[in-house]
Amino acid sequence: QVRLVESGGGSVQAGGSHRLSCEFSPPTYKTKCMGWFRQAPGNKREAVATIYTVGGNSWYADPVKGRFSISRDDSGNTAYLQMSNLQPEDTAMYYCAVLIECGFMNWVDNWTKKPNYWGQGTQVTVSS
């Protein structure tokens with residue numbers, strides 16, 4: 001049974017940093033895309049960042065480029081989202097999302113449109 005366990009949510013002041021993690025189990029699927037979406041109250045869910053676990057290619061949404069960094073551990077089963085220079089507009093519920101066998105040519109589009117699995121979500125609140 002697939003599980004996604006998220007951790008790292010919390011409150012931080014503007015300009016601060018925070019790290020989210022997402023652990024995928026069981027460690028059966030080597031090739032997958034892992035990343036995060038976020039949703040603020042009244043807003044649509046939006047893709048934030050994703051990483052291809054084999055090779056480590058990554059993608060970021062424009063609002064977080066240069067401030068957020070996604071990585072994964074050597075096993076490819078835990079992903080991390082390091083968030084820096086956080087701003088109040090980053091306040092949202094962050095959801096880990098995984099797509100198994102996400103392909104290669106269009107892996108970002110594939111992950112953005114149809115993740116297989118979702119984490120429970122973790123709240124990040126940035127105060128000014």
Novice: Nearest 0.5 Å, what's the CG-OG distance between L81 and S71?
Specialist: 8.5 Å

Novice: Donor-acceptor pair, distance only, cut-off 3.5 Å: does the side chain of K32 make one with the backbone of N77?
Specialist: no

Novice: Verify the neighbour count for atom CZ of R45: are there more than 12 heavy atoms of other residues, nucleotides or ligands below 6.0 Å?
Specialist: yes

Novice: Please tell me whether I100 and L4 are part of a single hydrophobic cluster in this structure, the criterion being side-chain heavy atoms less than 4.5 Å apart.
Specialist: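 Yes, one cluster joins them.
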
Novice: Return yes if some donor-acceptor pair links the side-chain N/O of T50 with the main-chain N/O of M34 below 3.5 Å, else return no.
Specialist: yes

Novice: Applying the 4.5 Å side-chain criterion to the ILVMFWY set and letting contacts propagate, would Y117 and Y95 be lumped into a single cluster?
Specialist: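 Not linked; separate clusters.
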
Novice: In terms of hydrophobic clusters joined by side-chain contacts under 4.5 Å, are V54 and F104 together?
Specialist: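 Yes: a chain of side-chain contacts under 4.5 Å links V54 to F104.
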
Novice: Using the benzene-type ring in the case of Trp, are the ring centres of W118 and F37 under 6.0 Å apart?
Specialist: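 So the answer is yes for these two rings.
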
Novice: Please name all residues satisfying salt bridge (Lys or Arg N to Asp or Glu O under 4.0 Å) with K65, sequence neighbours left out, ordered by chain then number.
Specialist: D62

Novice: State, to 0.1 Å, how close G10 and H18 come at their nearest heavy-atom pair, and which atoms those are.
Specialist: N-NE2, 3.6 Å

Novice: D73 and Y80: side-chain contact (heavy atoms from CB on, under 4.5 Å), yes or no, with the steps?
Specialist: CA-CA 8 Å; D73 69 358; Y80 305 97; 4.2 Å; yes

Novice: Out of curiosity, does Y60 fall in the hydrophobic cluster containing V124 (side-chain heavy atoms, cut-off under 4.5 Å, transitive links)?
Specialist: yes

Novice: I'd like to know whether R67 forms a side-chain contact (heavy atoms from CB on, under 4.5 Å) with M83, so could you lay out the CA-CA distance, the side-chain angles of the two residues, the decisive distance to 0.1 Å, and finally the verdict.
Specialist: CA-CA 6 Å; R67 301 187 299 121; M83 305 179 289; over 6 Å; no

Novice: Are any non-hydrogen side-chain atoms of I70 and W36 less than 4.5 angstrom apart?
Specialist: yes

Novice: What pair of heavy atoms forms the shortest contact from A47 to T112, and how long is it?
Specialist: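 Nearest heavy atoms, A47 then T112: CB-CG2, 4.2 Å.
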
Novice: Taking G121's backbone N and O only, do any of them form a donor-acceptor pair with E6's side chain (distance below 3.5 Å, no angle check)?
Specialist: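 Yes, the answer is positive, given that a donor and an acceptor are paired below the 3.5 Å cut-off.
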
Novice: About how many Å separate CD of Q87 and OG of S127, when rounded to the nearest 0.5 Å?
Specialist: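 Reported value, rounded in 0.5 Å steps: 11.0 Å.
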
Novice: Within this structure, what is the OG-CD1 distance for the pair S69 and I51, rounded to the nearest 0.5 Å?
Specialist: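 Answer rounded to 0.5 Å: 8.0 Å.
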
Novice: Any non-hydrogen side-chain atom of V126 less than 4.5 Å from a side-chain atom of P88?
Specialist: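 Side chain of V126 against side chain of P88, heavy atoms only: contact under 4.5 Å found.
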
Novice: Are side-chain heavy atoms of Y29 and F24 found at a separation under 4.5 Å?
Specialist: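 When only atoms from C-beta onward are counted, F24 and Y29 do touch, with a gap below 4.5 Å.
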
Novice: Is the count of non-hydrogen atoms from other residues, nucleotides or ligands lying under 6.0 Å from Q13 atom CD greater than 12?
Specialist: no

Novice: Rounded to the nearest 0.5 Å, what's the gap from SG on C33 to CZ on R72? Could you check?
Specialist: 11.5 Å

Novice: I'd like to know if the side chain of Y52 and the backbone of G103 have a donor-acceptor N/O pair within less than 3.5 Å.
Specialist: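 Yes, the answer is positive, given that a donor and an acceptor are paired below the 3.5 Å cut-off.
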
Novice: Restricting to non-hydrogen atoms, name the atom on W107 and the atom on W59 that form the minimum distance, rounded to 0.1 Å.
Specialist: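 Shortest heavy-atom separation between W107 and W59 comes out as CH2-N, 4.2 Å.
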
Novice: Quick one: do R38 and V64 satisfy side-chain contact (heavy atoms from CB on, under 4.5 Å)? Show the steps, please.
Specialist: CA-CA 12 Å; R38 68 185 181 185; V64 307; 4.0 Å; yes

Novice: Please report the C-alpha distance between L86 and F68 in whole Å, then the side-chain angles of each, then the deciding distance to 0.1 Å, and finally whether the side-chain contact (heavy atoms from CB on, under 4.5 Å) criterion is met.
Specialist: CA-CA 9 Å; L86 283 160; F68 289 15; 3.8 Å; yes

